[in-house]
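Presented below is the structure to which this report refers.
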Amino acid sequence: LFALINLAMGDAGLVAWDIKYDTPIDLWRPVTAIRLADTDGNPHTTPDPNWLPLNPFTPPFPSYTSGHATFSAAWATTIAGFFGTDNVTFTIDSEDPFYNALPVHGPRTYQSFAAAAWENAESRLYLGVHYRFDAVDGNKSGTELGQWVVSHMLLGSCVADFNHDGHVTMEDFIAFLNAFFAGDPSADINGDGRVDPADLREFITRYFAGC
């Protein structure tokens with residue numbers, strides 16, 4: 001599990017920074033856009049030269065896409081794929097030394113890994129260092145990356161061993177069906193970003209083939 005997560009997180013860095021620097025999109029941060037809104041060529045925007053984000057520090061690299069969103073989605077999807085479900089309730093706290101100084105603090109409880117990942121992505125909006133589309137697209141690419149890592153790395157090519165116990169049994173079939181009908185990302189067998197009948201057909205083929 002830890003090896004898979006580290007692989008996913010390493011690749012998430014490549015995905016996010018390729019998008020930031022190896023695409024035609026080179027987008028300024030909110031702190032720059034808001035202060036210089038009279039220079040964007042859009043007559044409907046007005047500048048606020050004194051605006052500051054909630055976060056005292058804005059990272060000095062392009063806003064699009066959100067690294068936090070990409071990393072957290074890759075993490076969440078990899079864990080969900082490893083355990084065969086995203087429907088896991090857990091409570092965590094933060095090790096950030098500034099966290100407990102905030103007005104609202106303490107442990108957070110989530111009903112799924114994906115929920116924690118999205119809150120992490122959305123936090124960048126509240127801090128004022130990202131736009132919503134940075135978070136949405138980062139979450140999407142991180143999710144697709146996590147699905148690819150689970151499907152192609154370390155766990156072997158035995159897709160039918162859905163619960164990863166080293167055997168292909170009826171338990172795997174039931175676990176897959178539960179994930180499939182719940183629309184869980186772990187049921188995206190073909191890695192196309194959708195849970196649909198094509199995944200069901202692929203799993204059944206693999207199951208009766210023994211792997």
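In this pair, F176 and F162 present their aromatic rings perpendicular. The plane angle is above 60°, beyond the 30 to 60° band.
In this structure, E119 places its CD atom where more than 12 heavy-atom neighbours from other residues, nucleotides or ligands lie under 6.0 Å away. Heavy atoms from other residues, nucleotides or ligands lying under 6.0 Å from CZ of F61 number more than 12.
Residue A69 comes nearest to D134 through the heavy atom pair CB-O, 4.5 Å, listed as atom of the first residue, atom of the second, then distance. Listed here is the closest heavy atom pair of T39 and L36: OG1-O, 2.7 Å.
Between V159 and Y207, the closest side-chain pair of non-hydrogen atoms is not below 4.5 Å.
Using a 3.5 Å distance cut-off with no hydrogens or angles, the side chains of T65 and D137 do not pair a donor with an acceptor.
No donor-acceptor distance shorter than 3.5 angstrom exists from the side chain of N139 to the backbone of A135, with no hydrogens or angles considered. For D188 (side chain) and G193 (main-chain N/O), a donor-acceptor pair under 3.5 Å exists by modelled atom type.
To the nearest 0.5 Å, the span separating CZ on F57 from CG on L127 amounts to 12.5 Å.
Note on Y126 and V129: separate hydrophobic clusters, where clusters join Ile, Leu, Val, Met, Phe, Trp and Tyr whose side-chain heavy atoms are under 4.5 Å apart, directly or indirectly.
No close placement of the Y131 and Y64 rings is indicated, their centers lying 6.0 Å or farther apart.
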